[in-house]
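Keep in mind that the numbers below use all heavy atoms, side chains included, and drop hydrogens, waters and symmetry copies. Order of the sequence lines sets the chain letters (A, B, ...), proteins ahead of strands, with each chain counted from 1.
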Amino acid sequence: MKEIAKAYNSKETEDRIYKMWEESGFFNPDVCVKKGIAKPNAESYSIVLPPPNVTGTLHMGHAAMLAIEDILIRAARMQGKKTLWIPGTDHAAIATQAKVESDLYKKEKKTRRDLGREEFLKLVEAFAKESHDTIIHQLRKMGSSLDWTREAFTLDDKRNMAVRTAFKRMHDDGLIYRGARIVNWDPKMQTTVSDDEIEWIEEQGKFYYLKYGPFVIGTSRPETKFGDKYVVLHPDDNRYKQYKHGQQLQVEWINGPITATVIKDTAVDMEFGTGAMTITPWHDATDFDIAQRHRLDKQQIIDFQGKLLPIAGEFAGLHISKARQLIVEKLQNKGLVDHIDEKYTHRLATNSRGGGIIEPQIKEQWFVAVNKPFTLKESHIPAIPSESETTLKELIRKTVESKQIAILPERFEKTYYHWIDNLRDWCISRQIWYGHRVPVWYRDKETYAGVQAPEGEKWEQDPDTLDTWFSSGLWTFSTLGWPEQTQDLKTYHPTTVLETGYDILFFWVARMILMAGYHTGNVPFRNVYLHGLVRDDQGRKMSKSLGNIINPLDMIEKYGADATRLSLIIGAAPGNDIKLSEDKVRGYKYFTNKIWNVSRFILLNTEGEVDLAKKPQLTPKQEQLLEELKKLSQETTQDIANFRLYLAGEKLYHYFWHRFADVIIEESKPAFRQSTGEEKISTQWLLLAILTTLLKLLHPFTPFVTEEIYQHLPILQRKQLLMVEQWPIL
RNA sequence: GGGCGGCUAGCUCAGUCGGUUAGAGCGUCGCAUUCACAUUGCGAAGGUCACAAGUUCGAGUCUUGUGCCGCCCACCA
């Protein structure tokens, strides 16, 4: 027999085992069918990997995601299902561009405009390529049994075809339109961002009460007030009942007298401030809505660089960050400041993708209409029959309401509905360079939207690119070949599970439901498994500034991938944040070593090759142990099927260590010492039978150590790889 | 302002949608041990399940209220 090391050495083992798996081809379900691992008509089981952003390296959250998905995939594969897990990466348009721009500025003090679109894109692509390679390396290190032959990128040619096709179809249905609406403008990155990409920051500031004719109006932003010629009051506010809607009056304002118009609208909160406000429709979403309702004039005050326009008179050209104090001084000199509330907390909108402070602007952009009726031609969603009229908003709501998709944990369904209720039209165009170019061409007054550029001269393509979530929304089916009706699409879509962090429920999960609903008339997945954030042992977010980041590769290096996986599974119920410490990972390393040494003990006490199919005469006690194992096996199967991985993992851990090792093995020792024929043979058989079953059950959780041991098992039934062994059916 | 979640052993969390003396891991304490593993074994201490009321034969589990802690959303300018 081959010499077996005293302790499990993950470093020596893991890369070798992964290579073996990869070379076997069994990550690819087509190979599994060809080699008889899965029957051609077997049930399919598919997961599309949430594509990591090519902005850097993988963190512990990714590691948790990979551990969960790989467990589901490996169990399904061993259960004989046609099992597919598709790898891929996300170009992450704005995040990647922001990273490269920032590096470029740090290194060479240059901006993207200094390089020009083409040169800059080359730089981004080089960065993305490097980042991609790092990520792929990390995916392998975790033991992920991904089908590399089907790898995709959200910005590759096939996905670009899917994006342009999707855009055109929605455009032709009137669900994508171009309109001048108020958008979130980031003056720093010079682009719009969607509502969901905004991060609100609390800021201590002042609140100014200004005299506006007979009114006192409140504002936190005096620098936007130049063009304010409407004063808005609540129709039920008795304090102002002598003023009628539409009434005009002359008021003295920042740069001289203006004509003010009274507007009555219920959007005003009577309790707040003085109950009177002036509006700036060009630079505030609420004000914009009021202006739309009453068809009021809108005037731009701040340019796209964040500087005041000529309307500001003497302040024109001044950056808004410097203007406020000067304007307040002027108002004070003119006696227009009633009083100032010195302590006021207001919320500042910032671009969460590494950009600056958002300045709302009215701009022509492309939008997805979420409330516009359309006819869903072919539907597999019972709540919305084929040929019936619906809206995207209704589509994504009813899909979940009618239980076509199960969200785990269930409570996130409420969060999901709440988000839908607040959903506005989705701004999908961005003024950045890295991403899918909007597939629309212009010539004079003509506009052409299509999959390919139009025939003829002088057509200019829209310079904007699409929100990264537009292409991610198509991910479950674009990775399977859509818009072509491929065999993969028929076999693996809808996918079985979508597993991701709860923090991107809106960004991504909801948009996939929207896109799949519209384009395929079906759900993108049957189940949503939401994992929590991985935090440090004190429950803090891991961040560079806190210096508390645990790097998955470091953990794998020190304790092995199996231990790292277990530490992210056990004690981590879906939807709950995971507190992780190095001690926890170390604890599970001890467990992998325990598996190793139990196996080593059994191997050292077994002679020759045992035929597990030939069950010797067992004592009643031994039969009882087999019953116990059967129960564990059934529970594990059930727990995995119901996504209770934390329970399955814990039960297996407990059984293996404290039942199998501490009790069953210990009690078997006399049998080996006395070496009387029959008892020894039955004990040998029993221990090997239990071990073989446990290795199979544990394999999805700790694939490396179990595979390595399996390769040494002296049993007749051993096929090539544990990875494709049959799941215990007892 | 609206919504969601958490509060169970010193720490981290389970408790599979009501059922016998409430569990695990880590930690603590004591004992053992060159026999697969010190990355070990055996044993012990430790909880009025946040609080209050209710439903029930029976509540950590269901209902209502309260208190902290956390998260998400929102058009108080």
Can you tell me how far [atom2] of [N] sits from [atom1] of [X], to the nearest Å?
| X | N | atom1 | atom2 | answer |
| --- | --- | --- | --- | --- |
| A:F656 | B:U39 | CZ | P | 18 Å |
| A:F660 | B:U40 | CZ | P | 18 Å |
| A:F601 | B:U40 | CZ | P | 17 Å |
| A:D237 | B:A77 | CG | P | 18 Å |
| A:F412 | B:C4 | CZ | P | 13 Å |
| A:Y230 | B:C75 | OH | P | 23 Å |
| A:E582 | B:C26 | CD | C1' | 15 Å |
| A:I301 | B:A77 | CD1 | C1' | 15 Å |

Does a side-chain N or O of [X] approach OP1 or OP2 of [N] to a distance below 4.0 Å, or not?
| X | N | value |
| --- | --- | --- |
| A:N593 | B:U40 | no |
| A:Y646 | B:G15 | yes |
| A:K594 | B:U39 | no |
| A:W657 | B:G41 | yes |
| A:K669 | B:A36 | yes |
| A:H658 | B:G25 | yes |
| A:K584 | B:G25 | no |

Which base sits across from [N] as a Watson-Crick or G-U pair, both distances under 3.5 Å?
| N | answer |
| --- | --- |
| B:A59 | none |
| B:A22 | none |
| B:C71 | B:G3 |
| B:C51 | B:G65 |
| B:A14 | none |
| B:G46 | none |
| B:U40 | B:A32 |

**Study point:** Name of the residue among A:W469, A:W419, A:W426 meeting ring-ring contact (aromatic ring centres under 6.0 Å, His included) with A:F506
**Key:**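 When ring-ring contact (aromatic ring centres under 6.0 Å, His included) is applied between A:F506 and each of A:W469, A:W419, A:W426, only A:W419 qualifies.
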Review point. Between A:S352 and A:E197, do the side chains contain an N or O donor and an N or O acceptor separated by less than 3.5 Å?
Key: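 Not at all, the side chains of A:S352 and A:E197 share no donor-acceptor pair under 3.5 Å.
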Determine the Euclidean distance between corresponding [atom1] atoms of [M] and [N]; express it in Å to zero decimal places.
| N | M | atom1 | result |
| --- | --- | --- | --- |
| B:U21 | B:U66 | P | 33 Å |
| B:G70 | B:U12 | P | 15 Å |
| B:G30 | B:C72 | P | 45 Å |
| B:C68 | B:G27 | P | 36 Å |
| B:A59 | B:G54 | C1' | 11 Å |
| B:C49 | B:G25 | P | 22 Å |
| B:C42 | B:A24 | P | 13 Å |
| B:U56 | B:U64 | C1' | 16 Å |

Exercise for review: Kindly confirm or rule out a cation-pi arrangement of A:K669 over A:F601, judged by NZ or CZ under 6.0 Å from the six-membered ring centre and within 45° of its axis?
Suggested key: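 Geometry flag: set, cation within 6.0 Å and 45°.
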Review point. Is any N or O donor-acceptor pair between the side chain of A:K225 and the base of B:A77 shorter than 3.5 Å?
Key: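 No pair found.
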Practice item. May I ask you to check whether over 12 heavy atoms, not counting those of A:E271, lie within 6.0 Å of atom CD? Key: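 No, the 6.0 Å shell around CD holds no more than 12 heavy atoms from other groups.
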For the side chain of [X], starting at C-beta, report the closest nucleotide among [options].
| X | options | answer |
| --- | --- | --- |
| A:R411 | B:C4, B:C75, B:A77 | B:C4 |
| A:R424 | B:U40, B:A14, B:C75 | B:C75 |
| A:L647 | B:U16, B:U40, B:A77 | B:U16 |
| A:K414 | B:C72, B:G5, B:C75 | B:G5 |
| A:D662 | B:U16, B:C72, B:G41 | B:G41 |
| A:W200 | B:A77, B:A36, B:A74 | B:A74 |
| A:Y590 | B:U40, B:A36, B:A77 | B:U40 |
| A:H418 | B:A77, B:G2, B:C75 | B:G2 |

Practice item. Decide yes or no for A:I290 and A:M277: does some side-chain heavy atom of the first lie under 4.5 Å from some side-chain heavy atom of the second? Key: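 They are in contact (side-chain heavy atoms under 4.5 Å apart), so the answer is yes.
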Exercise for review: Measure the shortest side-chain to side-chain distance between A:L695 and A:I709 over non-hydrogen atoms and say whether it is less than 4.5 angstrom.
Suggested key: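 A side-chain contact exists here, since the closest heavy-atom pair is under 4.5 Å.
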Check your understanding: Of A:E410 and A:D196, whose nearest nucleotide on RNA chain B comes first from the 5' end?
Key ->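 The residue whose closest nucleotide sits nearer the 5' end is A:E410.
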Exercise for review: Assign the ring pair A:Y240 / A:Y243 to parallel, tilted or perpendicular, where the plane angle (0 to 90°) is split at 30° and 60°.
Suggested key: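 Because their plane-to-plane angle lies in the 30° to 60° range, the rings of A:Y240 and A:Y243 count as tilted.
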Check your understanding: Should the ring pair A:Y653 and A:F591 be called parallel, tilted or perpendicular, given that the plane angle runs from 0 to 90° and is split at 30 and 60?
Key ->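 Correct class here is tilted.
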